[in-house]
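Here is the structure we will look at.
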Number of protein chains: 4
Amino acid sequence: MSFMLPLYNNPDFNTPPFIDAPTVFFEKIKQSGVAPKNYHATSIYPEYLHVQKGKWSLLRESRMDCVVVLEEDSDLAVKEFRHLMVGDRVACGRRENGEDGIFVHTEAFDFPEYVSQKFVFRSRITRETSFSIDYDKLYDLLEFERQKGFIIWVLGPAVVFDRDARDAFVELIEHGYVHALLAGNALAVHDVEAALFGTGLGQEIYSKQTVELGHYNHLDAITKIRSLGSIKKAIDEGLINNGVMRAVINKGLPYVLAGSIRDDGPLPEVIANVYQSQDKMRSLTRRATTVIGMATQLHSIATGNMVPSYKVVDKNQIRPVYFYTVDMSEFAANKLANRGSLTARSILTNVQDFVVTVERGLRKRFI
Amino acid sequence: MSFMLPLYNNPDFNTPPFIDAPTVFFEKIKQSGVAPKNYHATSIYPEYLHVQKGKWSLLRESRMDCVVVLEEDSDLAVKEFRHLMVGDRVACGRRENGEDGIFVHTEAFDFPEYVSQKFVFRSRITRETSFSIDYDKLYDLLEFERQKGFIIWVLGPAVVFDRDARDAFVELIEHGYVHALLAGNALAVHDVEAALFGTGLGQEIYSKQTVELGHYNHLDAITKIRSLGSIKKAIDEGLINNGVMRAVINKGLPYVLAGSIRDDGPLPEVIANVYQSQDKMRSLTRRATTVIGMATQLHSIATGNMVPSYKVVDKNQIRPVYFYTVDMSEFAANKLANRGSLTARSILTNVQDFVVTVERGLRKRFI
Amino acid sequence: MSFMLPLYNNPDFNTPPFIDAPTVFFEKIKQSGVAPKNYHATSIYPEYLHVQKGKWSLLRESRMDCVVVLEEDSDLAVKEFRHLMVGDRVACGRRENGEDGIFVHTEAFDFPEYVSQKFVFRSRITRETSFSIDYDKLYDLLEFERQKGFIIWVLGPAVVFDRDARDAFVELIEHGYVHALLAGNALAVHDVEAALFGTGLGQEIYSKQTVELGHYNHLDAITKIRSLGSIKKAIDEGLINNGVMRAVINKGLPYVLAGSIRDDGPLPEVIANVYQSQDKMRSLTRRATTVIGMATQLHSIATGNMVPSYKVVDKNQIRPVYFYTVDMSEFAANKLANRGSLTARSILTNVQDFVVTVERGLRKRFI
Amino acid sequence: MSFMLPLYNNPDFNTPPFIDAPTVFFEKIKQSGVAPKNYHATSIYPEYLHVQKGKWSLLRESRMDCVVVLEEDSDLAVKEFRHLMVGDRVACGRRENGEDGIFVHTEAFDFPEYVSQKFVFRSRITRETSFSIDYDKLYDLLEFERQKGFIIWVLGPAVVFDRDARDAFVELIEHGYVHALLAGNALAVHDVEAALFGTGLGQEIYSKQTVELGHYNHLDAITKIRSLGSIKKAIDEGLINNGVMRAVINKGLPYVLAGSIRDDGPLPEVIANVYQSQDKMRSLTRRATTVIGMATQLHSIATGNMVPSYKVVDKNQIRPVYFYTVDMSEFAANKLANRGSLTARSILTNVQDFVVTVERGLRKRFI
């Protein structure tokens with residue numbers, strides 16, 4: 001079975017309450033970075049603003065917990081608070097049903113698999129939930145997205161601590177299932193350590209043997225890259241000839257390595273300013289149609305905050321954005337589940353097995 | 001690479017301190033089920049008793065936390081406290097280095113992969129530990145054991161809640177990688193529910209759809225089997241034509257379904273008395289060369305308590321017994337790690353992925 | 001603020017659909033232990049059966065996943081499948097709204113604190129949920145129940161591994177906040193070990209020092225009690241002069257020690273047959289008005305299966321039965337949350353802190 | 001019992017192998033931010049460098065995974081790689097026993113409670129470990145440190161989601177048990193939200209009621225502070241009159257709010273550049289004698305990376321630095337345990353209970 005996009009329920013703005021709704025009130029920013037009283041905050045759902053009588057405009061590249069700014073050309077931009085500038089006209093109103101000229105479309109898609117259930121019995125995802133179908137759907141989805149979508153992977157370092165998982169993820173990159181990578185310094189450092197020394201934090205990533213003075217390896221890897229100036233340089237010089245970063249860079253895929261206070265080094269590519277990181281991440285997530293976050297609460301939740309539940313593609317088609325979290329803990333899964341969207345799904349397992357299994361599941365579709 | 005048994009270090013009883021050690025003191029039981037003061041309690045390690053001057057006898061079918069009884073024929077039996085009878089002669093002495101005529105051989109095997117490590121850095125198994133090599137070693141081990149050993153699987157119900165995991169485990173049974181099954185009522189009930197209705201606790205085990213009145217399914221499954229008298233009857237009548245219990249029964253494999261206070265029903269095959277269950281479980285674990293416990297703390301720890309770290313095979317060859325725990329939580333892994341044996345290993349992941357991956361890894365070796 | 005029972009919503013059986021509903025169909029059992037086709041399975045909710053025209057009888061001592069048997073005297077008994085005898089008349093019908101003469105009353109109580117919430121935002125209980133109010137409510141509830149209710153505690157061994165937690169729980173017993181105890185062999189063994197040797201599995205329960213040959217202590221504790229014949233004997237002889245079991249026994253409180261396949265020993269008081277254990281547990285849970293399960297999935301879930309969400313007290317007053325689970329893991333909490341009752345609550349924390357905090361919170365109310 | 005510092009084992013450098021050891025080789029940096037080949041990386045332990053014949057200098061303000069730079073005045077500075085400047089003289093050598101003129105003193109302190117244990121039985125910290133003594137020791141330690149030390153608390157947002165925990169932590173601040181605070185934007189945002197609206201992410205922090213439009217509260221809190229320019233301004237204007245940030249600011253305590261990619265807002269006090277955050281954090285951790293990290297892996301591990309296991313106080317006295325992690329998960333505890341220091345301890349519980357319990361335990365010592 002191949003993947004099909006669910007239909008979008010176009011709201012009918014020619015009926016009440018929309019037909020009688022006021023247009024949105026926009027208020028000008030007087031202090032840079034500070035929203036006006038009664039600003040409207042965006043959600044993950046498609047939202048329409050009644051900008052002029054009879055014309056409801058969809059927010060095209062939304063993100064949660066931002067404000068809507070009316071641009072010169074009547075376009076609507078969704079901006080983080082810190083980007084607000086004096087003079088920006090910000091949409092106001094907190095009622096979400098149209099009464100303030102704002103409509104938050106919480107039931108935008110017809111999900112075929114979704115059946116409203118009266119019983120809460122087994123409604124929660126736990127480690128005992130059956131995941132076979134999720135894998136199968138994911139294969140279909142990834143195959144579809146490889147050609148028509150934009151797949152962002154968000155990676156914690158666990159993926160590169162294990163040889164098979166690291167190799168499997170490289171295969172996914174090579175065969176077109178990865179369109180952008182979001183990660184931190186640690187992912188890149190441990191991946192480079194594996195390429196240079198065959199170890200992760202001093203342990204061989206296959207045999208798990210601790211090598212002599214192995215605790216120096218990640219520092220030596222950092223030092224080597226810093227001396228060369230970039231990971232790319234190390235690849236070009238033939239020092240790095242395997243791994244995730246090499247595959248990403250050789251394919252020319254966009255990536256963000258966001259700095260954190262845990263970083264050693266850091267590597268030259270790492271962005272020190274977290275809000276610059278956010279901006280870079282958002283510039284990629286604007287294009288996302290599927291996001292898969294693996295074994296990193298920090299980066300997965302950060303990305304989850306940026307990705308709306310829908311995307312406008314091919315001019316005016318509206319489709320869902322799928323968001324998968326893969327983690328060992330129900331706690332992490334519950335955190336993401338609070339998004340409250342049917343497009344957010346969790347698979348509770350070790351990411352090593354997840355990546356290896358997904359690569360195997362897709363292998364027969366490799367060209 | 002194929003699996004090789006590690007060498008056994010035969011103790012040299014002709015050297016001190018053994019050469020001068022006393023013989024073991026045995027004391028007669030005066031009260032049924034009650035060990036004498038100063039009884040010796042067994043460990044998971046090979047233990048030798050100095051039964052008569054110059055003759056050190058190995059405990060052949062040991063289990064932890066039991067006592068050693070000298071039989072009529074000078075054999076040594078390892079008995080649970082509750083099985084002690086008046087007149088039994090119980091070994092006494094708590095020093096483990098020979099001084100009481102008892103030697104606990106904690107370094108019995110030369111594990112090739114084991115290198116003593118000074119640094120505790122990354123010494124603990126977590127979800128970020130690399131598991132590729134564990135899978136590969138496990139394939140080799142299972143292939144070896146299929147022919148020469150006795151593999152016991154200890155199963156929690158999670159395995160049968162998922163279609164692919166359930167199917168994969170059936171394949172393992174069919175191809176000879178399962179020699180005995182230890183589980184509880186729930187495993188069998190949910191497996192039978194899946195066979196009869198395609199559901200697990202009312203959810204389809206592939207689509208996860210909740211079916212109409214699905215919460216009756218597990219009770220209906222129980223009722224059906226109770227009315228027939230046995231799972232076997234339901235298989236013979238063609239009502240059950242897939243699943244774990246069918247594969248086990250059709251292959252004639254021994255199994256124990258141990259009752260617990262959580263049980264609904266129970267199914268007719270379930271043993272109500274927990275100490276009878278223990279006895280049955282131990283009668284199987286005596287033969288074990290590899291044990292794999294998946295997603296069940298209760299049954300895995302119970303089994304772990306019964307399995308020594310070694311087994312005497314082919315008359316007098318002594319080999320290790322391997323014990324794997326597969327679970328999502330570090331807590332469960334740490335619990336088992338307290339066994340303190342190099343033959344106890346943990347893989348931290350979802351058992352669904354584990355079983356599916358193992359079946360795929362072994363498939364090329366299927367005949 | 002003191003605790004007040006929520007009001008019970010009495011169904012009005014003089015209105016549709018009840019007024020026109022048929023009486024329940026009862027079918028006779030033909031095979032012992034096997035329910036008839038179309039049997040009705042009980043839930044945790046108050047259920048009314050239309051036994052004769054115009055007379056709807058409430059199930060008085062219900063439990064989940066059982067069947068309803070019409071007794072000689074027209075009373076309704078709720079029986080486990082395994083207790084069904086040939087000739088028993090079992091209620092049939094699976095529609096729960098009265099159409100089969102059966103009404104499952106899922107909205108029985110007016111919970112003052114409960115407000116239906118549209119947003120799922122933060123709807124799930126996690127370790128980050130605020131628990132202050134839960135403690136305060138629990139103090140009020142326990143004070144109320146001490147005088148008017150029946151409080152059952154379900155204990156895992158963790159409570160007695162820590163000196164302060166063990167002492168605090170003894171205080172709760174002494175001051176009347178414990179009316180019955182459900183546990184396993186391990187709880188009693190480790191409590192007795194602490195009384196006899198000051199250790200838990202060989203570690204001092206305060207200093208955590210491992211004592212010489214400490215791994216013998218739990219076996220020695222078992223042996224001592226087995227030799228005496230009962231824990232009570234050890235108390236009477238002055239060997240045990242502190243701890244949970246002593247407090248329970250000296251107060252004459254009912255308790256059940258249910259055997260499991262993990263048991264060493266066992267102690268003489270432990271019940272070997274799990275279905276006898278269930279029967280004993282249910283004979284106590286019939287009286288329960290509040291149940292608190294701490295750090296034991298096995299026993300907590302087993303008990304949860306037996307406790308309905310309501311109890312008939314003082315002739316015909318109907319009140320909720322409160323069920324608290326205290327555990328470290330979201331997984332365990334989610335398991336219990338599947339009961340789907342507002343009377344089931346979880347506190348996610350270490351039970352040591354929980355018990356110590358509850359004892360402190362109640363101390364000022366001690367007489 | 002009051003707290004006593006353990007004795008420091010002064011190495012005797014007049015004995016072999018030290019007496020014959022070479023002096024350390026220092027190599028000049030040629031490229032900014034890049035260490036020379038064979039640089040020595042620091043550990044958490046006291047380290048001595050043989051800077052001139054017969055003179056072994058202790059690193060005074062160390063941190064793990066840095067390099068040692070010989071300053072103009074012969075002092076030794078411990079620097080992060082990114083701070084290395086051309087011309088810096090960096091210590092080289094990787095043998096840690098003196099052979100390279102570097103001695104890593106891994107057994108620096110005589111811990112009275114520490115007894116070497118042969119058995120690994122129960123050696124790992126789990127949720128079932130007894131923690132009573134850890135609390136008692138912590139009370140004594142905190143009382144000692146209040147007067148003579150420097151206590152840094154590292155806080156995740158969970159502490160301020162609960163009213164009692166938040167109040168308890170404020171008490172600890174008011175009574176002198178907090179000397180510096182390390183946290184992120186979220187801690188401050190949710191604390192301010194609680195002060196302004198009584199909620200955490202829209203839920204009342206005591207009643208857990210979700211208030212109308214509550215999901216706006218944290219954004220409104222951010223907006224309010226941004227409009228005023230600082231949290232301090234909101235305190236001065238009387239808008240914020242309770243909570244953690246107010247207590248910290250009113251007491252004039254140093255604090256760092258380190259930005260992360262998950263941040264909304266951020267608040268004006270938050271540092272955007274993670275390496276600036278690290279520098280600020282390190283400027284505080286240089287003074288630390290005890291660190292307590294609660295419910296935040298990111299910040300706790302980041303801080304753990306900066307804190308050595310010892311501190312030089314009062315001119316030349318050397319004492320341990322204690323590091324506590326309080327978390328719900330064994331995974332987090334294991335992560336920190338990899339530091340391999342006896343001064344790193346974990347308490348596995350919900351931080352709400354932890355803070356409330358610690359405040360109660362210390363209350364009688366409040367002046």
Side-chain angles (χ1 to χ4, degrees), chain C residues 113-115 117-119 121-123 125-136 156-168 190 194 199-211 213-215 295 326-330 347-354 356-357 360-361, chain D residues 113-115 117-123 125-136 156-168 190 194 199-210 213-215 295 326-330 347-354 356-357 360-361:
Chain C
E113 69 264 39
Y114 179 67
V115 179
Q117 293 169 4
K118 282 182 217 152
F119 281 90
F121 199 49
R122 293 202 75 196
S123 67
I125 289 175
T126 76
R127 56 196 67 177
E128 292 183 350
T129 300
S130 162
F131 292 113
S132 293
I133 195 174
D134 297 284
Y135 277 108
D136 289 345
V159 179
V160 296
F161 277 139
D162 176 69
R163 189 199 64 177
D164 289 0
R166 186 169 174 262
D167 290 352
H190 298 309
T199 59
L201 283 172
Q203 276 188 359
E204 286 182 7
I205 64 170
Y206 180 66
S207 74
K208 287 193 270 199
Q209 292 300 305
T210 300
V211 303
L213 287 174
H215 58 293
V326 186
D327 206 286
M328 287 287 270
S329 86
E330 274 85 2
I347 294 181
L348 290 164
T349 191
N350 190 310
V351 290
Q352 297 173 29
D353 281 325
F354 174 77
V356 166
T357 299
R360 265 201 208 110
Chain D
E113 68 264 39
Y114 179 68
V115 179
Q117 293 170 2
K118 281 182 216 149
F119 281 90
V120 290
F121 200 49
R122 293 202 74 196
S123 67
I125 289 175
T126 76
R127 55 195 68 176
E128 291 183 352
T129 299
S130 163
F131 292 113
S132 294
I133 194 173
D134 297 286
Y135 277 108
D136 289 345
V159 180
V160 296
F161 276 139
D162 175 69
R163 189 199 62 177
D164 289 0
R166 186 169 174 262
D167 289 353
H190 297 309
T199 59
L201 283 173
Q203 275 189 359
E204 287 183 7
I205 64 170
Y206 180 66
S207 74
K208 288 193 269 200
Q209 292 300 303
T210 300
L213 288 175
H215 57 293
V326 187
D327 207 286
M328 287 286 271
S329 85
E330 273 85 2
I347 294 180
L348 289 164
T349 192
N350 190 309
V351 290
Q352 298 173 28
D353 281 325
F354 174 78
V356 166
T357 299
R360 269 203 205 108

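Throughout, a chain's letter reflects where its sequence line sits, starting with A, and its residues are numbered from 1.
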Original post:
Which residue out of C:Val356, C:Ile205, C:Val351, C:Asp136 racks up the most heavy-atom pairs below 4.5 Å with chain D?
Top reply: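 Among C:Val356, C:Ile205, C:Val351, C:Asp136, the one with the most close pairs to chain D is C:Asp136.
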Subject >> side-chain contact (heavy atoms from CB on, under 4.5 Å) assessment of D:Asn350 paired with C:Phe354 >> reply: CA-CA 10 Å; D:Asn350 190 309; C:Phe354 174 77; over 6 Å; no
Original post:
Can you find a side-chain donor-acceptor pair between C:Tyr135 and D:Asp353 that sits under 3.5 Å?
Top reply: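 Present: a donor and an acceptor within the cut-off.
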Original post:
Can you check side-chain contact (heavy atoms from CB on, under 4.5 Å) on C:Gln352 and C:Asp164, steps first, answer last?
Top reply: CA-CA 8 Å; C:Gln352 297 173 29; C:Asp164 289 0; over 6 Å; no
Original post:
What distance separates C:Lys208 NZ from C:Arg163 CZ, expressed to the nearest 0.5 Å?
Top reply: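 Reported to 0.5 Å precision, the distance equals 12.0 Å.
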Original post:
Which region of C:Arg166, side chain (C-beta onward) or backbone (N, CA, C, O), has a non-hydrogen atom less than 4.5 Å from a non-hydrogen atom of chain D, or is it both or neither?
Top reply: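 Contact with chain D involves no heavy atom of C:Arg166 at all.
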Original post:
Where on C:Leu348 is there a heavy atom nearer than 4.5 Å to chain D: the side chain, the backbone, both, or neither?
Top reply: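 Both backbone and side chain.
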